[in-house]
2 protein chains.
Amino acid sequence: MLSFTEENYLKSLFQLTVETALKEEAGTNELAAHLGVKPATANDMLKKLKEKKLIKYEKYGKSSLTKEGKKIAIDVIRKHRLWETFLFEKLEFSWDEVHEVAEQLEHIQSKKLIDKLDKLLNYPVSDPHGDPIPNAKGEMMILHQQTLAEESVGHQCKMTGVKDNSSAFLKYVDQLGLAINKTIKVLARHEYDDLIEIEVNGKRISVSPKFAENIFIFCTACKKKTNR
Amino acid sequence: MLSFTEENYLKSLFQLTVETALKEEAGTNELAAHLGVKPATANDMLKKLKEKKLIKYEKYGKSSLTKEGKKIAIDVIRKHRLWETFLFEKLEFSWDEVHEVAEQLEHIQSKKLIDKLDKLLNYPVSDPHGDPIPNAKGEMMILHQQTLAEESVGHQCKMTGVKDNSSAFLKYVDQLGLAINKTIKVLARHEYDDLIEIEVNGKRISVSPKFAENIFIFCTACKKKTNR
DNA sequence: TTAATTTGTTAGATAAGCCTAACAATTATA
DNA sequence: TATAATTGTTAGGCTTATCTAACAAATTAA
C-alpha cells in the first residue's frame, strides 16, 4: 500500500511524461516544481520509489515510470477524473471547483467504490475538463492533439478540453462563453499584438496566444490522425 | 486544519463519552484501545489536543471534549454517516461493507461536498446501521434507548439499529433475516442457557444475550421517553 | 493500611516527509 | 575549452505519529 505522497509522485511523473507524450523522462527539479516541494525532497522520494521498482532512476539522470509504476499512476488518474465527473454531474460542482476536492478523493482505496462510481456515471470517457478517463483495465483514449493556438485562420473546430486546469483559467473560459464541444471559428490572427480573433456563440472575441495554447480543439478539416 | 489522526482521536473520544451518554469522560488506556494505539501514543496526543483547546485533560485524569472539540467530532461523524448512506443507497454497497470505506472518506475536507451529498441523499436522519446523522448545524437525534436484551417477554418491538458495527456481526444479522425496521416479538427467555427466543418474519429463532445486546429496538408498548 | 494491580506518564527510538545549506555533476555559453 | 549557470545530491534538522521500556500515580484487594 502506497502513501498519498508516493501516489502523488507517480501521478506527477506520469503527467510530466507519458500523458503529454512529448517525452519519456522527467528531471528531479521539474518533478519537485510540479509537486510543490524542494528538489532535495523529491530526490529522497525518487530513491525510495526506485527501491520499490516503481520508477527507473539513476543518480544525476532523469526518471521514468516502470510498468508497475505507470499502472498505479493511471489508477490514481482514473480515480481523480471519475471523482471530478461525479462532483460535476451529481453534486452540482462547477468545472473550476472539482479539481481541488478530487485531489483528496483520488487517494481513497476501494476498488469496489471506484467501479461502482464508474457504473453510476455510466462509464464516462472524459472528465469535465475534457481529459480522458482510463477504464478499469487502465486503457485510455488519447485526445488533445491540437490547441487553438495552432489552428489555421478560416478553419472551424470544436473545443475538446483545456490544458490549464487552474480555477482562474477555467472561470475565464466560462466568462468568454467557451465550453467543451463549442464550435469555434478562427477569424484572424493579428500580427501587431498576436491576438487571435475567433467566433463563438455567434460572437467575435479576441484571445491571447497564452489563452489559446490552453484550449484543446479538434479540427475536422485538419484530419490529423490521433496517435496511440 | 486538523490531521486525520487528530480527527480520529476526537471522534473516538466522542463515541466513548457523549454518544453513549453513559459518561462524560474517557481514560487514556480506554481511548488508546479504541483507536488501536499504545497508551503512550494516546498520551502524547491528549497533550497536543489540550494545547489546541479541543479537549479537557489533566495529568492522571480522564479526558473530555470541549465545545469546539465536540463540534469537530460531530462533523466527522456526520461525514462518516453520510458517506455510509451514499455507499449503501447509491453504490450498491451492503451494510457490512460501508464502514471501512467511510473511515477514509470521513476525512475529506469540503463543506460543499458534504452539503451537496446530504442534498443528493435527501437529508437522511440515519445511516444504514440506524445510527443518527447530525444535520449541517451539528444537531442529531438520539435514538437507541433500548436493546433487544432488555425487552420483556411478550412485547413486540421494531429493530432500530445495531450497537456492534463489525462486518462479522452485520453479516450474522443479515443471515438471521433481521434488519432495521423489522418487527420482532420476544417469545421467551430460556433460563437454562440464557437464549432469547424471538419471532421475525413469521419464524421463530433463538439468539444469544451477546447478540441481543447489540440489537437496538424501539418498543411502542414500553413508551419510554427519549431523553435529550 | 499495606501490597498488588491497574492506569497513566516519561524518555528515548524510529520512519516518513519535509526543509536549508553546502556541494557535486552536468550542460550551456562566452 | 574554460567558466558560468543549471541541475541534482548529500548531510543534517524538524515535525508528526508511532513504538518499547521504565517508572509513577491511583485504585483495588487482601
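Every chain is numbered from 1 and lettered A, B, ... according to where its sequence line falls, protein lines coming before strand lines. Note that the structure is predicted; figures quoted are calculated from it, not measured.
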**OP:** Whole angstrom is fine here: how far is it from CG in A:N43 over to C1' in D:dG12?
**Re:** 15 Å

**OP:** Measure from NZ or CZ of A:K70 to the centre of the six-membered ring of A:F14, then state whether that distance is under 6.0 Å and the direction lies within 45° of the axis.
**Re:** no

**OP:** Would you classify B:F4 as touching base, sugar-phosphate or nothing, given that sugar-phosphate means primed atoms plus P, OP1 and OP2, and contacts are heavy atoms under 4.0 Å?
**Re:** nothing

**OP:** Inspect the contact between A:R78 and A:D118 and indicate whether a charged nitrogen and a carboxylate oxygen are less than 4.0 angstrom apart.
**Re:** yes

Subject >> Divergence of helical axes at both termini of the helix from C:dT1-D:dA30 to C:dA30-D:dT1 - five pairs an end, 10° steps >> reply: 10°

Subject >> Within 45° cone of B:F93 ring axis and under 6.0 Å: A:K112 NZ or CZ >> reply: yes

Original post:
Do NZ/NE/NH1/NH2 and the carboxylate oxygens of B:D115 and B:K119 come within less than 4.0 Å?
Top reply: no

Original post:
Going by an N to O cut-off under 4.0 Å, is there a salt bridge joining A:K48 and A:D44?
Top reply: no

Subject >> Nucleotide D:dA17, atom P - distance to CG of B:L46 in whole Å >> reply: 13 Å

Original post:
Thinking salt bridges, do A:E106 and A:R81 make one under a 4.0 Å N-O criterion?
Top reply: no

**OP:** Using atom NZ of B:K59 as one end and atom C1' of D:dA26 as the other, report the distance to the nearest whole Å.
**Re:** 14 Å

**OP:** Check every nucleotide of DNA chain C for an atom under 4.0 Å from a heavy-atom of chain B, then give the first and the last such nucleotide from 5' to 3'.
**Re:** C:dT7 to C:dT10

**OP:** Please list residues of residues 24-41 of chain A whose heavy atoms come under 4.0 Å from any atom in DNA chain D, ordered by number; otherwise none.
**Re:** A:G27, A:T28, A:N29, A:P39, A:A40

Original post:
Would you call A:K52 and A:E6 a salt bridge, using N to O less than 4.0 angstrom?
Top reply: yes

Original post:
Salt bridge between A:K50 and A:E58, side-chain N to carboxylate O under 4.0 Å?
Top reply: yes

**OP:** Determine whether more than 12 heavy atoms belonging to other residues, nucleotides or ligands lie under 6.0 Å from atom CD of B:Q109.
**Re:** yes

Original post:
Is any side-chain N of the basic residue among B:E103 and B:K11 closer than 4.0 Å to the acidic one's carboxylate O?
Top reply: yes

Subject >> Upstream residue (5' side of DNA chain C) when A:Y60 and B:Y60 are each assigned their closest nucleotide >> reply: B:Y60

Original post:
To the nearest angstrom, how far is B:M45 atom CE from D:dT18 atom P?
Top reply: 6 Å

Original post:
Would you say the side chain of A:Y123 lies within less than 4.5 Å of the side chain of A:N135, judging by non-hydrogen atoms?
Top reply: no

Original post:
For A:Y57 and D:dT7, what is the distance between atoms OH and P respectively, to the nearest whole Å?
Top reply: 16 Å

